[in-house]
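Everything below concerns the one structure shown next.
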Amino acid sequence: MRYQKPKGTQDFLPGVVEKWQYVEKKARDWCHRFNYKEIRTPIFEQTELFIRSVGETTDVVEKEMYTFKDKGDRNMTLRPEGTAGVVRAYIENKLYGEPDIQKLYYIGPKFRYEQPQSGRFRQFHQFGVEVFGSTAPSIDAEVISLGYSLFKDLGLQGVKVEINSIGNKESRAAYRGKLQEFLTPVKEKLCSDCQSRFDRNPLRILDCKKDQQYFDGAPSIIDSLDEESIVHFEKVQKYLSEMDVKFEINPKMVRGLDYYTDTVFEFKAEGIGAIDTIAAGGRYNGLVEQIGGQDQPGVGFGIGLERVLLILDHQDIQIPEENLLDIYLVALGELAEEKSVKILNELRQAGIRAEKDYLGKKMKAQLKSADRQKVKYAAILGEDELERGEIVLKTLESREQSVIPLQNFVEEMIKKTKGGNM
RNA sequence: GCGGUCGUGGCGAAGUGGUGAACGCACCGGAUUGUGGCUCCGGCAUUCGAGGGUUCGAUUCCCUUCGAUCGCCCCA
């Protein structure tokens, strides 16, 4: 085997690609119901964009980016997440000048240089939404409910929504200080991971699986929120309840990207391995300005499609399978073969999905091939039929067959296929 | 970046320091000079992820490397 796909990437072959199309279609349908419009942005951007938005000291930026110099010596990076590029496009195309708020969605590949494991790849795919221009809590709730609706529609069982509010930059910095103060007496007892987190990312310590016994009485981030954030968070909860979105508040939840403010949330599913977050997002009120636009609030999420597909398989959820072929043309002999090219084209032009043999197989093998492709009809055209100006139409399942005048054949097939399964 | 397990035909899967690498499925052909799903018969890996080493000889032992898989960190 000479070449193999790059580590952590996947080939999506016929047979599984249909599942992707199914999920993507559902995602699009829900977006359109919620009045979200698709946006497509480049797969790579200036490296600086990600550093500025995602955060200089985040793991994503520090060690997971696919960064390269192009031939013009520009520093570029394959996008590791979706928000930065959309925000950039929002600013560059002056979408803030539109009279209404911007409700956008995207579907596409993302890249992170990480060690692959269950549900994690170097090239992975996300469906996500971003909303610009409103601080209304109803938008936070709408975004969450959009994701919730999609997961329910896909039939996923046991998906949990966890929400939290991390306030604005100031209250978060204050909380960080309070937390470090609280943890200082027990710092030496914490596990090595937590000790290294102490300065880098103390908020995450509370999430540690080993050190929970030291956290009794720890300050909660909720208590550090200012009045505005509290009201916002409460309204988000109220709206979620009114929309029947089942959620839990997880005051320990911290997100890995620096740009979040106020509402953050995750969708989790059990039983798909160590990595159980299938979607995550939140509000990012300072980000647009930080990247050089005018001050506009934003909120959005990203759904990890590999992980959704993983659950679909795990929960044995079947996607509806549709027949992709209407008729298989069996041609026997040189003349019939020549005629079949013309007929095949006529069928296809008439909107009928038609196929023939290209390997010079015998009739038996051609029928076998037709059978394998789960096609409903086979039409047999041999030298005899050709001479008589006829063609044999066979229904594969019932094995019944009838003789049809060749000149009526296409018309007959239009009747049969359009009437039957459209 | 670190750790566990693994790497034999299209797929699944045995196996051994030494003449032709089981078996099952799939596929191809024949039995059936023009009718598929059953049955029977036949065919289908000059090769055991790649590179190097030990050896008279390695798919089997050793090293390196690449990849898969699961986990840690982190994350969708």
Side-chain angles (χ1 to χ4, degrees), chain A residues 1-10 13 15 54-55 57-64 79-83 107-128 147 191-194 196-197 200-201 204 207-210 253-257 265-269 272-282 300-311 328 330-333 336 357 359-375 377-386 392-401:
Chain A
M1 214 179 311
R2 197 62 210 278
Y3 299 108
Q4 46 193 143
K5 62 187 178 300
K7 184 172 183 163
T9 64
Q10 303 176 91
L13 306 178
V54 174
T57 60
T58 56
D59 271 35
V60 170
V61 166
E62 275 183 344
K63 47 187 203 188
E64 293 171 359
R79 62 184 184 201
E81 57 96 55
T83 302
I107 298 180
K110 308 282 145 62
F111 305 84
R112 288 184 203 172
Y113 193 90
E114 297 188 274
Q115 220 45 251
Q117 67 186 71
S118 180
R120 186 164 75 190
F121 299 87
R122 290 186 170 181
Q123 175 176 335
F124 60 103
H125 300 78
Q126 283 187 337
F127 154 68
C191 69
S192 55
D193 284 337
C194 282
S196 80
R197 286 172 183 143
R200 199 162 40 91
N201 194 353
R204 190 168 283 286
D207 215 11
C208 179
K209 288 147 198 135
K210 301 172 199 156
M253 180 169 60
V254 173
R255 309 260 46 258
L257 312 182
F265 56 89
E266 290 187 6
F267 288 79
K268 291 191 172 179
I272 55 167
I275 291 174
D276 60 356
T277 300
I278 57 175
F301 67 67
I303 294 179
L305 293 177
E306 277 78 2
R307 294 180 187 181
V308 171
L309 274 281
L310 199 60
I311 310 179
Y328 191 102
V330 176
L332 305 165
D357 162 67
L359 297 174
K361 288 183 180 173
K362 304 241 170 78
M363 163 144 74
K364 183 174 165 164
Q366 291 193 42
L367 280 169
K368 206 171 173 184
S369 185
D371 201 45
R372 205 165 27 227
Q373 304 204 41
K374 298 194 187 81
V375 58
Y377 299 106
I380 301 168
L381 183 66
E383 310 277 320
D384 300 351
E385 286 81 3
L386 209 52
V392 173
L393 182 66
K394 187 177 173 85
T395 305
L396 283 173
E397 200 176 340
S398 64
R399 298 185 161 227
E400 289 164 13
Q401 57 185 54

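To find a chain, count down the sequence lines: A is the first, B the second, and so on, and within it residues start at 1.
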For the side chain of A:Lys361, counting heavy atoms from C-beta on, which of B:C28, B:G36, B:C74 is nearest? B:C28
For a quick test of reading the model: is some side-chain N or O of A:Arg372 closer than 4.0 Å to OP1 or OP2 of B:C27? yes
Base, sugar-phosphate or nothing for A:Gln366? Non-hydrogen atoms, less than 4.0 Å. nothing
Can you tell whether the side chains of A:Glu266 and A:Arg255 come within less than 4.0 Å, N to carboxylate O? yes
Go through B:C66, B:A76, B:U32 for me and flag the one nearest to the A:Thr277 side chain. B:A76
Please name the pair of heavy atoms, one in A:Gln126 and one in A:Leu305, separated by the smallest distance, quoted to 0.1 Å. C-CD1, 4.0 Å
Please state the P separation for the pair B:G52 and B:U47 - nearest whole angstrom. 15 Å
Applying side chain to side chain contact (heavy atoms under 4.5 Å, CB included) to A:Thr277 and A:Phe267, what does each step give before you reach the verdict? CA-CA 6 Å; A:Thr277 300; A:Phe267 288 79; over 6 Å; no
Span that lies between the P atom of B:C72 and that of B:U60, in whole angstrom: 33 Å
Take atom P in B:U39 and the same atom in B:G24, then report the distance between them in whole Å. 13 Å
Inter-nucleotide P distance (B:U46, B:C11), Å rounded: 14 Å
Under a 3.5 Å cut-off for both contacts, is B:G3 paired Watson-Crick or G-U wobble with anything, and if yes, with which nucleotide? B:C70
Spacing of A:Lys394 atom NZ relative to B:G36 atom C1', expressed in whole Å: 7 Å
Could you tell me whether A:Ala370 contacts a base, only the sugar-phosphate backbone, or nothing, with contacts defined as non-hydrogen atoms closer than 4.0 Å? nothing
By the 4.0 Å heavy-atom rule, please label A:Gln401 as base, sugar-phosphate, or nothing. base
Atom-to-atom span, CG of A:Asp371 to P of B:U35 - whole angstrom: 15 Å
What about A:Glu114: does its side chain form a donor-acceptor pair under 3.5 Å with the base of B:A76? yes
Nearest-nucleotide check on RNA chain B, A:Leu381 vs A:Ile278; residue mapping nearer the 5' end is A:Leu381
If you look at every heavy atom in A:Arg307 and A:Ile272, which pair is closest and at what distance? O-CD1, 4.4 Å
Out of B:C73, B:A68, B:C75, which has the shortest distance to the side chain of A:Lys63? B:C73
Rounded to whole Å, CD of A:Gln117 lies from P of B:G67 at a distance of 16 Å
Please compare A:Lys5 and A:Glu266 by the position of their nearest nucleotide in RNA chain B and report the one closer to 5'. A:Lys5
Donor-acceptor under 3.5 Å (A:Gln366 side chain, A:Lys361 main chain): yes
List the atom of A:Ala370, the atom of A:Val375, and the distance in Å for their closest heavy-atom pair. O-CG1, 3.2 Å
Taking atom C1' in both B:U16 and B:U65, compute the distance separating them and give it to the nearest angstrom. 26 Å
Under 4.0 Å, heavy atoms only, any strand: does A:Tyr328 hit a base, just the sugar-phosphate, or nothing? nothing
Shortest side-chain distance from A:Arg120, nucleotide among B:G67, B:C75, B:U35: B:C75
Tell me: CG of A:Leu386 to C1' of B:G34, nearest whole Å? 14 Å
By nearest atom, which of the nucleotides B:G36, B:C72, B:G34 is closest to the A:Gln115 side chain? B:C72
Pick base, sugar-phosphate or nothing for A:Glu385, based on heavy-atom distances below 4.0 Å to the nucleic acid. base
Nearest of B:C72, B:G36, B:G34 to any side-chain atom of A:Leu396? B:G36
Please give the distance between the P atoms of B:C44 and B:G10 as a whole number of Å. 15 Å
So what does A:Phe301 hit on the nucleic acid, given a heavy-atom distance under 4.0 Å: a base, only sugar-phosphate, or nothing? nothing
B:C61 to B:A31 separation - P atoms, rounded to the nearest Å: 47 Å
Between A:Thr58 and A:Leu257, the two heavy atoms sitting closest are CG2-CA, 4.3 Å
Interatomic distance, CD@A:Gln115 vs CZ@A:Arg122, rounded to 0.5 Å, equals 5.5 Å
Against the side chain of A:Ala274, the closest entry in B:C74, B:G36, B:G71 is B:G71
Do the side-chain N or O atoms of A:Ser118 get closer than 4.0 angstrom to the phosphate oxygens (OP1, OP2) of B:C70? yes
Can you tell me, in whole Å, how much space there is between the C1' of B:C48 and that of B:A21? 8 Å
Quickly work out the A:Glu64 CD to B:G1 C1' distance and round it to whole Å. 11 Å
Whole angstrom value for the distance that separates P of B:G36 from NZ of A:Lys368: 10 Å
Length of the line joining A:Met363:CE and B:U32:P, which is rounded to integer Å: 15 Å
Which is true for A:Gly281 with a 4.0 Å heavy-atom rule: it touches a base, it touches only sugar-phosphate, or it touches nothing? nothing
Considering every strand shown, what is the Watson-Crick or G-U wobble mate of B:G29 when both distances are under 3.5 Å? B:C41
Indicate, yes or no, whether a donor-acceptor pair under 3.5 Å links the base of B:G1 to the side chain of A:Glu62. no
What is the distance, to the nearest angstrom, from the NZ atom on A:Lys362 to the C1' atom on B:U33? 10 Å
Does A:Gly273 reach a base, just sugar-phosphate, or nothing at all? Heavy atoms under 4.0 Å. sugar-phosphate
